Undergrad: 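Quick one: the structure is below, and I'll ask about it shortly.
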Amino acid sequence: MSQEYIEVSSEELWNEVFPKASIENKIRVDRDGKPKTAILLGAGFTNKYIPNTWGYDNIWDYASRFAFDNDEKDILELMDNYFKEMGNKNFERLIALSNECTDFLNLAKKPFKIFLNSKQILRIKEVFINAMHNAGIDSEKRLCNNTPAREIGSFLTRFDQVFTTNYDPLVYWSIMKHTNSDENRYTIGDFFHRGEYAPENPNFVNAVLERDKTLVSYLHGAFFNTDTDSIYKISTSPDSDESLMKLAKKRYGIHNIKPLIVTDGSSEQKILAIDHNRYLSDSLSRLRRFDLDYLCTIGFGFTPPDKHIIDSIRHNRPSKIAIGYYGEIGNNMKKFIKDIMQWNPKCEIMVFKTNQLPCDETPP
């Protein structure tokens with residue numbers, strides 16, 4: 001491959017390109033003229049700190065254990081048969097297809113129909129929510145015991161905007177831990193005011209935008225956000241003993257309330273779900289239209305199912321892109337880099353190893 005990118009060291013990247021933010025330079029007046037930065041987090045970021053928990057197969061393992069423990073073997077067998085036809089273990093897609101009652105093509109282009117009655121759909125939803133809940137409980141234990149959540153929150157404040165495709169609680173708890181002090185209270189947040197998605201709320205604008213804090217967008221939703229007419233964030237105190245996931249599970253016991261997450265297979269399917277939800281469409285629009293100078297990616301694979309995100313980066317045309325990789329640079333990354341050089345030949349592309357990040361226990 002021709003020299004389309006340069007490899008940079010951790011010291012150069014984190015000291016010069018994306019330096020640590022201070023309280024003073026989080027104020028808008030002091031940031032005028034400085035590059036606008038963003039970070040895009042993919043599944044690899046969560047897997048670095050909470051491995052073997054949130055993938056399709058992992059959630060299926062949690063679902064299987066719950067079904068066996070609660071005498072739901074018949075619904076487990078039913079789901080297993082459909083998943084084999086679908087070619088993956090996508091709970092949300094299975095429920096959506098059963099509601100659509102339309103022909104569906106699996107990965108082998110084999111057409112079939114999904115027929116589930118309302119009771120079966122509710123039972124699948126219950127199995128799925130409990131599987132997600134148990135995965136979240138395990139994640140929270142790891143966040144408390146093994147993961148530098150507060151350090152991750154501090155690391156994210158290096159950027160003006162944080163975009164994540166992950167719907168697990170890693171970023172949520174990292175923010176909660178980091179802002180649990182008067183000094184850091186207003187350094188990072190999201191677009192929710194008192195639990196409700198309200199980017200136009202004057203109190204949100206005054207408390208957040210005027211302070212120019214780091215803002216977080218969940219591009220594919222999050223398990224602790226509810227998918228209703230009014231989009232709410234389920235939250236708890238960082239000092240509370242009550243589990244976020246237990247609170248979410250209680251909320252999802254209410255009829256027609258479900259998690260706001262998108263895991264459909266193709267980019268086209270994801271776009272359909274995103275376009276039908278204001279929060280999700282706003283989040284993707286922010287990535288597409290944010291006045292971005294420098295972009296950093298960690299754990300994002302640049303695979304075809306995330307073409308809508310790649311297209312948003314392409315539209316934004318940042319002048320610098322730093323791409324983190326684990327092990328080696330994969331073919332999808334190489335293709336993305338090659339495409340960037342066609343979209344924007346002036347873009348400076350850097351790659352860096354993510355084995356050691358500033359938020360790890362022993363910073364470089």
Side-chain angles (χ1 to χ4, degrees), residues 4-22 25-26 31 34-49 148 151-166 170-171 174-175 178 187-188 212-220 283-284 286-303 306 309-327 329-330 332-334 336-337 339-341 343-344 346-360 363-364:
E4 296 167 333
Y5 58 87
I6 58 172
E7 181 136 7
V8 295
S9 65
S10 295
E11 290 79 4
E12 180 181 354
L13 188 71
W14 305 123
N15 293 336
E16 299 179 19
V17 185
F18 301 106
K20 184 176 181 179
S22 65
N25 73 13
K26 294 300 292 181
R31 294 178 67 82
K34 295 185 178 180
K36 296 294 187 289
T37 63
I39 187 169
L40 171 61
L41 305 175
F45 186 78
T46 290
N47 290 337
K48 176 178 170 65
Y49 297 104
E151 288 76 12
I152 292 174
S154 176
F155 167 67
L156 296 179
T157 63
R158 293 169 179 257
F159 306 90
D160 296 295
Q161 299 259 0
V162 175
F163 298 96
T164 175
T165 61
N166 305 324
L170 175 61
V171 170
S174 299
I175 294 172
H178 174 73
T187 57
I188 187 170
D212 204 28
K213 67 159 66 171
T214 298
L215 292 169
V216 179
S217 297
Y218 297 88
L219 295 171
H220 292 161
S283 297
L284 187 61
R286 278 190 284 272
L287 176 59
R288 185 178 179 86
R289 302 181 187 284
F290 171 57
D291 185 18
L292 177 61
D293 295 306
Y294 300 170
L295 173 67
C296 177
T297 75
I298 298 179
F300 185 73
F302 301 95
T303 57
D306 287 323
I309 295 176
I310 297 172
D311 287 345
S312 296
I313 297 172
R314 175 180 179 177
H315 183 272
N316 206 311
R317 297 175 68 85
S319 59
K320 287 186 180 182
I321 301 179
I323 301 173
Y325 68 95
Y326 298 87
I329 301 173
N332 286 317
M333 285 187 182
K334 290 179 180 178
F336 174 75
I337 292 171
D339 289 345
I340 290 176
M341 300 312 297
W343 305 336
N344 184 11
K346 294 182 179 180
C347 180
E348 180 182 347
I349 303 170
M350 300 168 284
V351 298
F352 64 97
K353 294 180 179 179
T354 52
N355 303 43
Q356 195 72 53
L357 299 175
C359 49
D360 293 337

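As the structure is a prediction and not an experimental result, all values here were calculated from the model.
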Undergrad: Could you tell me which residues satisfy ring-ring contact (aromatic ring centres under 6.0 Å, His included) with Phe155, sequence neighbours excluded, listed by chain and number?
TA: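 Checked Phe155 against ring-ring contact (aromatic ring centres under 6.0 Å, His included); matches are Trp14, Phe159.
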Undergrad: Please indicate whether Lys353 has more than 12 foreign heavy atoms, meaning atoms of other residues, nucleotides or ligands, lying under 6.0 Å from its NZ.
TA: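 No, NZ of Lys353 has 12 or fewer neighbouring heavy atoms, counting only those of other groups under 6.0 Å.
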Undergrad: Quick one: list whatever passes side-chain contact (heavy atoms from CB on, under 4.5 Å) with Asn344, sequence neighbours left out.
TA: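 With neighbours one apart ignored, the set is Arg317, Lys346, Cys347.
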Undergrad: Run Ile337 and Val351 through side chain to side chain contact (heavy atoms under 4.5 Å, CB included) and show every step you take.
TA: CA-CA 10 Å; Ile337 292 171; Val351 298; 4.2 Å; yes
Undergrad: For Thr214 and Leu156, work out which heavy atoms get closest and say how close.
TA: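 Scanning both residues completely, I find the closest heavy atoms to be CG2-O, 3.6 Å.
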Undergrad: Given side chains that start at C-beta, do those of Tyr326 and Asn47 come closer than 4.5 Å, heavy atoms only?
TA: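 No, side chains not in contact.
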Undergrad: Between Leu357 and Tyr49, is the side chain to side chain contact (heavy atoms under 4.5 Å, CB included) condition met? List the steps.
TA: CA-CA 11 Å; Leu357 299 175; Tyr49 297 104; 3.8 Å; yes
Undergrad: Can you list the steps and then say if Phe45 with Thr165 is a side chain to side chain contact (heavy atoms under 4.5 Å, CB included)?
TA: CA-CA 10 Å; Phe45 186 78; Thr165 61; over 6 Å; no
Undergrad: What distance do Thr164 atom OG1 and Leu41 atom CG have between them, rounded to the nearest 0.5 Å?
TA: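 Between atom OG1 of Thr164 and atom CG of Leu41 there are 5.0 Å.
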Undergrad: Distance from Phe336 atom CZ to Thr297 atom OG1, nearest 0.5 Å?
TA: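 Between Phe336 CZ and Thr297 OG1, I get 7.5 Å after rounding to 0.5 Å.
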Undergrad: Using every non-hydrogen atom in the two residues, find where Leu170 and Ser174 come nearest and quote the distance to one decimal.
TA: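 So the minimum-distance heavy-atom pair works out to O-OG, 2.7 Å.
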Undergrad: Any side-chain heavy atom of Asn166 sitting closer than 4.5 Å to one from Val171?
TA: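 Answer no - side chains too far apart.
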Undergrad: Determine, stepwise, if the pair Ile329 / Ile323 fulfils side chain to side chain contact (heavy atoms under 4.5 Å, CB included).
TA: CA-CA 9 Å; Ile329 301 173; Ile323 301 173; over 6 Å; no
Undergrad: Under the rule for side-chain hydrogen bond (donor to acceptor under 3.5 Å, both in side chains), what residues qualify as partners of Asp306, not counting sequence neighbours?
TA: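 Lys270.
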Undergrad: Can any side-chain N or O of Lys48 pair as donor or acceptor with the backbone N or O of Asn355 at less than 3.5 Å?
TA: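 It does hold such a pair.
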Undergrad: Considering only heavy atoms from C-beta outward, does the side chain of Ile313 approach that of Phe163 to under 4.5 Å?
TA: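 A side-chain contact is absent here, since even the closest heavy-atom pair is not under 4.5 Å.
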Undergrad: Does any part of the side chain of Ser217, heavy atoms only, come nearer than 4.5 Å to the side chain of Leu287, both counted from C-beta?
TA: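 Answer no - side chains too far apart.
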Undergrad: Has Thr157 got a side-chain atom pairing as donor or acceptor with Ser154's backbone, closer than 3.5 angstrom?
TA: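 Confirmed, Thr157 side chain pairs with Ser154 backbone.
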Undergrad: Are the side chains of Arg158 and Pro358 in contact, using a 4.5 Å heavy-atom criterion?
TA: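 The answer is yes, as the side chains (C-beta and beyond) meet within the 4.5 Å cut-off.
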Undergrad: Report yes if some heavy atom in the side chain of Asp339 is under 4.5 Å from a heavy atom in the side chain of Phe302; otherwise report no.
TA: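 With C-beta onward as the side chain, the pair stays apart.
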Undergrad: Which atoms form the tightest heavy-atom contact between Phe18 and Ala322, and what is the distance?
TA: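 Here Phe18 and Ala322 meet closest at CE1-CB, 4.0 Å.
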Undergrad: With rounding to the nearest 0.5 angstrom, report the CD to CG distance, Gln161 to Leu292.
TA: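 Answer rounded to 0.5 Å: 9.0 Å.
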Undergrad: Keeping Asp160 on the side-chain end and Thr37 on the backbone end, is there a donor-acceptor pair under 3.5 Å?
TA: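 Judged by distance alone, yes, a pair lies under 3.5 Å.
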Undergrad: For Asp293, which residues count as a side-chain contact (heavy atoms from CB on, under 4.5 Å) partner, sequence neighbours excluded?
TA: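 Result, side-chain contact (heavy atoms from CB on, under 4.5 Å) vs Asp293: Pro35, Lys36, Ser319.
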Undergrad: Grab the two heavy atoms, one from Gly324 and one from Thr354, that are nearest each other, plus how far apart they are.
TA: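 Gly324 and Thr354 have their closest heavy atoms at CA-CG2, 3.5 Å.
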Undergrad: Among all residues two or more places apart in sequence or in another chain, which pass the side-chain hydrogen bond (donor to acceptor under 3.5 Å, both in side chains) test with Ser283?
TA: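 With sequence neighbours excluded, Ser283 shows a side-chain hydrogen bond (donor to acceptor under 3.5 Å, both in side chains) to Arg286, given in chain and number order.
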Undergrad: Not counting sequence neighbours, which residues clear ring-ring contact (aromatic ring centres under 6.0 Å, His included) with Tyr325? List them please.
TA: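 Scan of Tyr325 (ring-ring contact (aromatic ring centres under 6.0 Å, His included), adjacent residues dropped) gives none.
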Undergrad: Quick check for you: to the nearest 0.5 Å, what is the distance between Cys359 atom SG and Glu151 atom CD?
TA: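 These two atoms lie 8.0 Å from each other.
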Undergrad: Give, for atom CD1 of Ile310 and atom NE2 of His315, the distance between the pair rounded to the nearest 0.5 Å.
TA: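 Going from the CD1 atom of Ile310 to the NE2 atom of His315 covers 16.0 Å.
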Undergrad: Rounded to the nearest 0.5 Å, what's the gap from CD1 on Ile349 to CD on Glu4? Could you check?
TA: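 Rounded to the nearest 0.5 Å, the CD1-CD separation comes to 7.0 Å.
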Undergrad: Taking the side chain as every heavy atom from C-beta outward, state whether Ile309 and Phe300 have any atom pair closer than 4.5 Å.
TA: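 Touching, per the 4.5 Å side-chain cut-off.
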